[in-house]
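Contents: one structure, followed by commentary.
Letters A, B, ... are given to chains in the order of the sequence lines, protein chains preceding strands, and every chain is numbered from 1. This is a predicted model, so every value here is computed, not measured. Both backbone and side-chain heavy atoms feed into the values below; hydrogens, waters and symmetry mates do not.
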2 protein chains.
Amino acid sequence: MTARPPAGAHRATRQGRAIVAALRASPSFRSAQEIHAELCAGGQKTGLTTVYRHLQRLADDGAVDVLRQPEGDVMYRYCASDEHHHHIVCRECGRSAETDCPELSDWADRVAHSLGYSDVSHAVEVFGVCADCRAARR
Amino acid sequence: MTARPPAGAHRATRQGRAIVAALRASPSFRSAQEIHAELCAGGQKTGLTTVYRHLQRLADDGAVDVLRQPEGDVMYRYCASDEHHHHIVCRECGRSAETDCPELSDWADRVAHSLGYSDVSHAVEVFGVCADCRAARR
DNA sequence: GTCTAACTGAAAACGGTTATCATTTCGAAA
DNA sequence: TTTCGAAATGATAACCGTTTTCAGTTAGAC
Ligand SMILES: [Mn+2]
Ligand SMILES: [Mn+2]
Ligand SMILES: [Zn+2]
Ligand SMILES: [Zn+2]
């Protein structure tokens, strides 16, 4: 009886490394299509499907944060922190910064419970214009 | 010279009234497709395109609030208040309640400015399980 | 009643994402 | 080092909510 491998681990591939590298190199949230285009342009041939698959798994594993823009596109960013936190995203260039949110969690819990809701979670995104973009404007 | 009408006002139609009525009657956020199905089931023949058009205009006019669910579908709800506010949405049935957010605005402004961002806006949705759904569970 | 811009809705187009499936590749075990 | 099955890949097609198109209908000002 040939005891087969555990079957469940991730395998190291050129494409996976390239996708993680692209995410790590960017201070902004990026879409699957942007990453795909970037890899192709840089000579790293990779299927769009594969990019989607890796981003999805990275998100499931909690390695990247997912942001759904007001327009609907889903964007990903490699996060410095693995704690729960939120982002401030530049409306013009996409650059984002992270911030924690103790007061926010308290507020959400308090309000939700007072209205009879349990199992509370919250989604917060703050948008603005970053210093660079403001300078470039004028 | 026949002075033509102002050209810009909205016209009263059976379909428009039905859509507004459906929104007003619901305490939950509803999708365009849900509203369309409801109208058709109730004998109010209406094109899906028309539902989308009315919801879009109502949203532009600020008469309804727009919520993009984590899964991506866009949902609409007729709002009681025209002030800036946020929602607590039941993950199971969609029922929502409104809440204001003075502390939240302060938090967002403070954090954003400290990171160099201006023209700050924020999007917040709180999710939970409402009392009815919690009761129905067990 | 006339007239025109607003409105309607069936059908086709759109665009991002996911499913399919034949093929390739990784890597644990032999 | 060779083997071999699960994991990964990627071209293609399907999906699905939404938007566009366009020919026909209708509200409502005159
Ligand atoms: Mn983050
Ligand atoms: Mn509201
Ligand atoms: Zn910027
Ligand atoms: Zn509920």
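Rounded to an integer number of Å, the gap from CD1 of B:I19 to C1' of C:dG9 is 12 Å. The CZ atom of A:R57 sits 16 Å away from the C1' atom of C:dT18 (whole-angstrom rounding). Rounded to a whole Å, the NE2 atom of A:H10 is 11 Å from the P atom of D:dT9. Going from atom OH of B:Y52 over to atom P of C:dA11 covers 17 Å, rounded to whole Å. With rounding to whole Å, B:I35 atom CD1 is found 15 Å from D:dT18 atom C1'. Whole-Å rounding puts the A:R30 CZ to C:dG16 P distance at 15 Å. In this structure, CG of B:D73 is placed 18 Å from P of C:dG16, rounded to the nearest angstrom. Separating the CD atom of B:Q15 from the P atom of C:dA6 is a distance of 17 Å, rounded to the nearest angstrom.
Applying the 3.5 Å distance criterion, the base of D:dA7 shares no donor-acceptor pair with the side chain of A:T13.
Residue B:G16 comes nearest to B:H54 through the heavy atom pair CA-CE1, 3.3 Å, listed as atom of the first residue, atom of the second, then distance. What you find for A:A32 and A:Y52 is that their closest heavy atoms are CB-CE2, 3.4 Å.
When each of C:dT8, D:dT18, D:dG10 is scored by its nearest atom to the side-chain atoms of A:R53, the top-ranked nucleotide is D:dG10. Ranking C:dT17, C:dG9, C:dA6 by closeness to the B:R11 side chain, first place goes to C:dA6. The side chain of B:Q33 lies closest to D:dT18 when the candidates are D:dT18, C:dC7, D:dA11. Of all nucleotides listed (C:dT17, D:dG17, D:dG10), D:dG10 comes nearest to the side chain of A:T49.
Using a 4.0 Å cut-off, some side-chain N or O of B:H54 falls inside it from OP1 or OP2 of C:dT8.
The shortest side-chain heavy-atom distance between B:V120 and B:H113 falls under the 4.5 Å cut-off.
Linking Ile, Leu, Val, Met, Phe, Trp and Tyr residues whenever their side-chain heavy atoms come within less than 4.5 Å leaves B:Y117 and A:F127 in two separate clusters.
Residues A:G16 and B:V74 both approach DNA chain D. Their nearest nucleotides, taken by heavy-atom distance, put A:G16 toward the 5′ side. Comparing B:R14 and B:L48 against DNA chain D, the residue whose closest nucleotide sits nearer the 5' end is B:L48.
Within the nucleic acid shown, A:T46 comes within 4.0 Å of sugar-phosphate atoms alone, with no base atom in reach, counting heavy atoms only. Using a 4.0 Å heavy-atom cutoff across all strands shown, B:H36 reaches no nucleic acid atom at all. A:R68 comes within contact range of no nucleotide atom at all, as no heavy-atom separation falls under 4.0 Å.
Between B:H84 and B:H122, a ring centre-to-centre spacing shorter than 6.0 Å is recorded.
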